[in-house]
Amino acid sequence: MNTLRRFIRPLAALLLTAASLPALAIAPFKADYRASYMGLQADGVMQLERQQGNRWRYSLQVRNQMADLRQSTVFDIHNGHLRPLSSEDSANLLIKRRSIQADYDWADRQAVWRGDLRADRRGPVALREGDMDALLINLAIARDLAAGKPLSYRMVDEGRIKQMRYTIAGKETLQLDGRQVEVTRVSRVDGNKEQIAWISPEYPVPLRLLQRKDGRDELDLTVKSVH
């Protein structure tokens with residue numbers, strides 16, 4: 001389950017906005033994915049929903065006969081920054097369940113976590129302007145990729161602070177709906193793990209997401225449709 005969390009949170013929202021749109025111009029959508037997880041086929045659903053005021057909710061669910069994994073982040077936009085306000089992550093496996101919740105208090109400038117994680121990972125962790133959880137970092141990646149800016153960020157997630165940097169790995173074409181689509185491949189390497197996303201400015205979501213470990217594919221998500 002930790003493998004899936006490390007994959008989904010940094011990559012699941014790499015392109016919630018199309019690269020051709022103005023910065024922070026986001027719109028609701030729902031995308032269906034074909035997934036491969038734990039060696040079995042699965043279904044994935046990615047969704048962005050508008051809430052009251054300046055709030056948005058991003059969510060992702062991956063399900064097969066062995067696992068039901070759900071993640072979501074509620075955020076707002078403040079001074080040009082995407083700010084996490086709260087998040088929920090849960091995993092229901094055949095023999096184990098896990099649930100974690102987070103609260104980002106920007107008035108007191110601290111984040112705390114509760115649920116099924118170690119005491120030393122519960123916080124509080126001091127927040128500073130521009131800090132994001134992993135999902136929101138990926139919203140920034142879409143915006144900054146279009147602007148040609150460095151894809152370097154400070155992540156505050158699950159009681160830790162981590163600098164994250166993504167690089168452009170090249171361009172290629174993918175098949176979608178019977179036609180060739182040009183995409184940009186973005187990747188991040190962390191030790192023996194690699195995370196890769198295939199992005200097209202024609203679509204508001206990544207067309208493919210892949211995690212590899214020790215050179216072997218662990219989790220693969222490929223988009224089927226976007227509504």
Side-chain angles (χ1 to χ4, degrees), residues 1-19 26 28-49 57-73 87-93 133-142 145 151 157 164 166-190 193-227:
M1 195 280 293
N2 288 336
T3 294
L4 183 65
R5 285 178 52 77
R6 286 192 295 267
F7 169 69
I8 289 179
R9 294 192 65 82
L11 287 180
L14 268 172
L15 197 59
L16 293 179
T17 60
I26 59 179
F29 74 85
K30 181 179 179 182
D32 297 315
Y33 281 83
R34 179 176 64 254
S36 175
Y37 174 58
M38 298 177 65
L40 298 173
Q41 294 301 304
D43 295 316
V45 178
M46 182 185 295
Q47 193 164 4
L48 181 65
E49 304 167 279
R57 181 179 182 271
Y58 166 77
S59 63
L60 177 67
Q61 180 182 19
V62 176
R63 296 183 64 182
N64 63 18
Q65 57 265 50
M66 295 184 62
D68 183 355
L69 305 130
R70 302 169 186 253
Q71 300 191 358
S72 66
T73 297
S87 69
E88 297 183 8
D89 300 321
S90 66
N92 292 325
L93 308 178
D133 73 358
L135 290 184
L136 298 187
I137 284 176
N138 294 305
L139 281 176
I141 288 174
L145 179 63
L151 308 179
D157 208 340
M164 303 181 71
Y166 296 81
T167 60
I168 297 174
K171 292 184 179 293
E172 58 187 77
T173 58
L174 294 179
Q175 283 279 347
L176 182 65
D177 294 331
R179 68 185 185 91
Q180 297 280 339
V181 179
E182 183 174 306
V183 294
T184 298
R185 193 171 71 253
V186 177
S187 69
R188 175 178 175 267
V189 177
D190 187 359
K193 302 179 180 65
E194 184 180 13
Q195 299 162 342
I196 310 168
W198 285 259
I199 298 169
S200 167
E202 298 181 48
Y203 293 88
V205 290
L207 297 186
R208 185 182 176 196
L209 302 169
L210 175 67
Q211 172 156 315
R212 311 190 80 204
K213 182 178 180 181
D214 296 323
R216 300 177 60 183
D217 294 355
E218 284 193 322
L219 178 65
D220 197 344
L221 294 170
T222 303
V223 73
K224 295 189 296 184
S225 62
V226 181
H227 318 289

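Sequential numbering from 1 along the given sequence is applied to the chain's residues.
- Here the closest heavy-atom approach between residue Asp43 and residue Lys224 is recorded as OD1-NZ, 4.1 Å.
- Counting all heavy atoms, side chain and backbone alike, Gln41 lies closest to Gln65 at O-OE1, 4.1 Å.
- For the residue pair Thr73/Asp133, the side-chain donor-acceptor check at 3.5 Å is satisfied.
- Between Leu69 and Ala91, the shortest heavy-atom distance links the atoms CD2-CB, 3.4 Å.
- To the nearest 0.5 Å, atom CG of residue Asp157 and atom CD1 of residue Ile137 are 8.0 Å apart.
- Here the CD atom belonging to Gln211 is positioned 10.0 Å from the CG atom belonging to Asp217, to the nearest 0.5 angstrom.
- Closest of all the heavy-atom pairs between Glu172 and Arg185 is OE1-NH1, 2.5 Å.
- Residues Trp198 and Leu210 share a closest heavy-atom pair of CZ3-CB, 3.7 Å.
- Between the CD atom in Glu182 and the CG atom in Leu207 there is a gap of 12.0 Å [rounded to 0.5 Å].
- Closest approach of Val223 and Tyr33 over heavy atoms only: N-CD2, 3.4 Å.
- Within the 4.5 Å cutoff, the side chain of Ser225 has heavy atoms near those of the His227 side chain.
- For the atom pair Glu88 CD and Arg70 CZ, the distance stands at 11.0 Å (nearest 0.5 Å).
- Inter-residue side-chain proximity for Val45 and Asp32 is flagged as met; some heavy-atom pair is nearer than 4.5 Å.
- Within the model, atoms OG of Ser36 and CG of Leu221 stand 9.0 Å from one another, a figure rounded to the nearest 0.5 Å.
- You'll find the side chain of Met46 reaches within 4.5 Å of the side chain of Tyr58, heavy atoms only.
- The CG atom of Leu151 lies 12.0 Å from the CZ atom of Arg188; values are rounded to the nearest 0.5 Å.
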Passes side-chain contact (heavy atoms from CB on, under 4.5 Å), Gln175 versus Gln180? Steps please. CA-CA 5 Å; Gln175 283 279 347; Gln180 297 280 339; 2.5 Å; yes
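- Looking only at distances, a side-chain donor or acceptor of Asn64 sits under 3.5 Å from a matching main-chain atom of Met66.
- For CZ of Arg216, the number of neighbouring non-hydrogen atoms (other residues, nucleotides, ligands) closer than 6.0 Å is 12 at most.
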